[in-house]
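Beneath this line is the structure, given in structure tokens, with notes to follow.
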2 protein chains.
Amino acid sequence: MPTLKDVAKLAGVSTSTASRVLTGAANVNEATKARVMEAIEKLGYQTNFVAKSLRQRRTGTLALLIPNIRNPFYSIVTKGVTAVAKQHGYTVILADCDDDLQHEVETINRLKNRWVDGFIIATTSEKNYDHLLALQDSKIPLVLLVRKIDREITSVVVDDYRGGYLGTEYLLQKGHRRIAFIGGDLNLSFNRNRYLGYLKALKDWGVEKDEEIIITRIIGHEGGYQAVNELLLLEKKFTAVLCTNDIKALGAMRAIYDAGLSVPRDISVMGFDNLDLSALSIPALTTVAQPAYEMGEEAAQRVIDLINNIKPPNLIKLMDVSVVERDTVTVPPVYL
Amino acid sequence: MPTLKDVAKLAGVSTSTASRVLTGAANVNEATKARVMEAIEKLGYQTNFVAKSLRQRRTGTLALLIPNIRNPFYSIVTKGVTAVAKQHGYTVILADCDDDLQHEVETINRLKNRWVDGFIIATTSEKNYDHLLALQDSKIPLVLLVRKIDREITSVVVDDYRGGYLGTEYLLQKGHRRIAFIGGDLNLSFNRNRYLGYLKALKDWGVEKDEEIIITRIIGHEGGYQAVNELLLLEKKFTAVLCTNDIKALGAMRAIYDAGLSVPRDISVMGFDNLDLSALSIPALTTVAQPAYEMGEEAAQRVIDLINNIKPPNLIKLMDVSVVERDTVTVPPVYL
DNA sequence: ACAACCTATGAAATCGATTGCAGAAATCGA
DNA sequence: TCGATTTCTGCAATCGATTTCATAGGTTGT
């Protein structure tokens with residue numbers, strides 16, 4: 001691989017001048033510039049980014065930490081991040097933390113030593129965030145994504161409260177009054193907010209909440225399946241289920257199907273996320289859509305702004321949600 | 001951030017000695033070593049990888065290029081790669097090429113300048129591979145993944161021929177004789193091999209192939225949907241469909257469902273991939289499983305071996321496949 | 001014509017580590 | 001005891017770019 005020295009020699013100038021041509025610095029004679037360009041062309045020279053990084057103390061890389069890339073939501077987020085990063089000439093280092101806090105802490109450390117210019121982090125745990133505060137203190141630009149903590153850190157999150165509200169409201173508008181809730185760990189802010197949105201919608205429509213058809217701490221597909229089975233055992237009638245993600249909703253649908261009931265004729269199901277697979281299920285899942293791609297874009301834009309010392313107008317960007325109507329919600333059966 | 005110089009000063013030694021302690025070089029006095037370690041501890045020193053990379057001419061990073069991270073198959077592959085990379089102290093740069101050859105070429109160039117130690121590439125196009133040959137020539141370790149080209153390059157691919165054969169055989173064993181085929185572009189080796197496996201199984205069982213129920217060049221969910229609709233119009237009876245991926249299979253299932261028929265009672269459906277979502281569909285999809293995670297692991301191991309000048313025993317690693325029995329395949333309806 | 005000021009360029013320092021070479025100190029052998 | 005060998009350490013070069021500083025030569029203004 002040719003170096004700048006080779007280019008300079010061929011062009012008959014010093015490396016300083018050759019470098020000036022590359023960086024587009026002002027004072028370079030047109031003729032010399034042309035000679036240098038020619039040499040660059042002839043040798044097929046390309047800047048060595050490692051050397052450049054060392055000298056400039058910046059590497060042109062962004063780190064993106066996510067809990068688990070197998071969750072399709074995060075692969076869409078990732079695409080949004082990389083698209084914007086590429087536009088601005090940044091390379092993205094993707095780190096999958098395997099839903100493990102320890103892993104996350106180690107990764108941050110490792111990448112710090114590699115002089116990553118900025119971090120975008122969808123943290124595994126919202127409770128233990130000492131490492132995030134430490135990172136913030138070390139002055140490396142940091143943007144939190146999806147998950148946020150209770151401190152002054154630039155964040156991009158979805159309006160989960162509104163999402164919970166809209167999803168519930170949609171069911172209420174269809175005529176449902178007995179709406180079961182299948183959610184995740186309420187210690188995570190997004191789960192909690194979706195739940196609060198659900199409660200608020202019920203309240204606004206004058207529907208009494210019923211603790212018995214509210215199930216939380218549910219994880220994954222199997223969790224959704226089990227939750228519905230429990231609900232069906234209760235013999236308490238419910239005509240719709242609001243799930244806090246699409247995966248749980250698919251598990252719920254299977255339980256309903258296995259019980260010999262039909263979606264949406266007997267029970268309507270509502271998801272949350274709008275993953276690709278929600279359009280593929282049979283019947284196709286009605287769900288609250290999160291703008292995953294846009295969130296990735298926004299986070300990347302923000303971290304790049306921080307790198308360039310541009311302060312964002314607001315610390316926390318709340319992304320909007322919307323209901324995507326498909327085939328798992330209909331009016332409730334008359335026998336209620 | 002403290003540098004090695006700071007450490008050396010605090011320990012009262014030269015940077016050379018401090019460096020020797022870090023790199024674990026032989027001749028360092030135990031007492032000095034201890035003093036240096038103490039200084040490292042006290043300052044919280046951590047090696048600067050940019051400087052280290054420049055001097056050692058290696059960066060400790062691997063590049064993983066994939067066509068599209070939204071394809072869940074590749075997110076599993078990615079996890080396999082990163083797991084092994086981490087074990088060996090490598091950081092992975094993931095590049096999503098958006099199914100675009102030009103994008104792939106540019107990315108390779110960009111990463112070359114960053115002195116990536118090795119490349120793992122699931123190339124977008126198997127036809128245009130000049131850039132891959134050039135990369136091979138530049139002596140940077142390279143492993144091809146999933147997609148392969150017709151040259152002497154270390155590759156990790158799945159035994160697609162056997163996959164096509166096994167899937168078909170499974171249907172034949174269940175009693176099916178009229179098996180439709182819904183496949184992708186036969187110019188891609190994996191599609192072609194799956195198709196050839198299908199033909200061979202038919203032949204081995206003495207079943208005549210029928211071009212009319214063989215549809216190729218199908219893309220995605222919608223493609224699978226359309227393909228089945230065309231097949232149903234033919235009024236040629238078929239009792240099973242072999243799809244060359246799970247997404248197409250889900251599209252096929254929806255078409256069958258929309259036609260008022262039932263899977264598997266009227267028509268059996270077989271997929272290929274064994275994505276997470278194939279377990280979530282209703283009924284759950286019977287499919288030919290590819291060991292995506294293991295392929296990622298294998299590719300990472302191979303590229304690391306190449307970096308360390310360990311030659312692999314065979315140039316092309318053929319990963320095994322297996323049929324995962326779920327609920328979309330049963331014996332054909334009697335009326336045939 | 002002379003001071004003041006540009007313009008264009010090169011020499012050398014710098015980023016932060018690793019490593020070849022040389023030499024001091026310690027150990028060994030006879 | 002003296003030379004030979006081994007052990008340990010430091011100096012300085014190196015990786016490949018960027019950037020500060022100095023300066024030669026040219027231009028401008030008065």
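Chain identifiers are assigned alphabetically (A, B, ...) following the order of the sequence lines, protein sequences preceding nucleic acid strands; residue numbering begins at 1 within each chain.
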*Nucleotide dG16(C), atom P - distance to CZ of R58(A) in whole Å*: 16 Å

*Indicate, with a heavy-atom threshold strictly under 4.0 Å, whether T3(A) touches base, sugar-phosphate, or nothing.*
sugar-phosphate

*In chain order, what residues pass the side-chain hydrogen bond (donor to acceptor under 3.5 Å, both in side chains) check against T32(B), with sequence neighbours excluded?*
none

*Let me know the distance between CD1 of I40(A) and P of dA17(D), rounded to the nearest Å.*
10 Å

*For D159(B), all residues meeting side-chain contact (heavy atoms from CB on, under 4.5 Å), sequence neighbours excluded*: Y161(B), R162(B), L318(B)

*Which residues within residues 44-56 of chain A lie with some heavy atom under 4.0 Å of an atom in DNA chain C?*
L54(A), R55(A)

*Quick one: list whatever passes side-chain hydrogen bond (donor to acceptor under 3.5 Å, both in side chains) with N314(B), sequence neighbours left out.*
R302(B)

*Sequence neighbours excluded, which residues qualify as side-chain contact (heavy atoms from CB on, under 4.5 Å) partners of S53(B)?*
V50(A), T59(B)

*salt bridge (charged side-chain N to carboxylate O under 4.0 Å, His left out): which pairs involve residues 46-68 of chain B, sequence neighbours left out?*
none

*Bend angle of the helix from dA1(C)-dT30(D) to dA30(C)-dT1(D) from five-pair axes at both ends, rounded to 10°?*
40°

*Round to a whole Å and report the spacing from NZ of K5(B) to P of dG10(D).*
15 Å

*Can you list every side chain to side chain donor-acceptor pair (under 3.5 Å) pair that touches residues 7-21 of chain A, not counting sequence neighbours?*
S14(A)-S16(A), S14(A)-T17(A)

_Please confirm whether the shortest side-chain N or O distance from R57(A) to OP1 or OP2 of dG16(C) is below 4.0 Å._
yes

*asked:* Protein within reach of the bases, or only the backbone? For nucleotides 4-9 of chain C, mark each nucleotide 5' to 3' as B, S or -, using heavy atoms under 4.0 Å.
replied: ----BB

What pairs of donor and acceptor atoms, side-chain ones from residues 34-43 of chain B against any protein atom, are under 3.5 angstrom apart with sequence neighbours left out?
{"from": "R35(B)", "atom 1": "NE", "to": "A11(B)", "atom 2": "O", "distance (Å)": "3.1"}
{"from": "R35(B)", "atom 1": "NH2", "to": "A11(B)", "atom 2": "O", "distance (Å)": "3.2"}

*Let me know which of E104(A), Q102(A), E106(A) forms a side-chain hydrogen bond (donor to acceptor under 3.5 Å, both in side chains) with H131(A).*
E104(A)

*Not counting sequence neighbours, which residues clear side-chain contact (heavy atoms from CB on, under 4.5 Å) with E297(B)? List them please.*
V84(B), Y293(B), E294(B)

_Donor-acceptor pair (no angle test) under 3.5 Å: T15(A) side chain, dA17(D) base_ = no

*Nearest-Å distance, CG (L4(B)) to P (dT14(C))?*
18 Å

_Nearest whole Å is fine: how far is dG16(C) C1' from K9(B) NZ?_
14 Å

*Charged N to carboxylate O under 4.0 angstrom, D98(B) versus K79(A)?*
yes

Indicate every side-chain donor-acceptor pair of residues 132-139 of chain B with a distance under 3.5 Å to a residue at least two apart or in another chain.
{"from": "Q136(B)", "atom 1": "NE2", "to": "E152(B)", "atom 2": "O", "distance (Å)": "3.0"}
{"from": "S138(B)", "atom 1": "OG", "to": "L135(B)", "atom 2": "O", "distance (Å)": "2.7"}

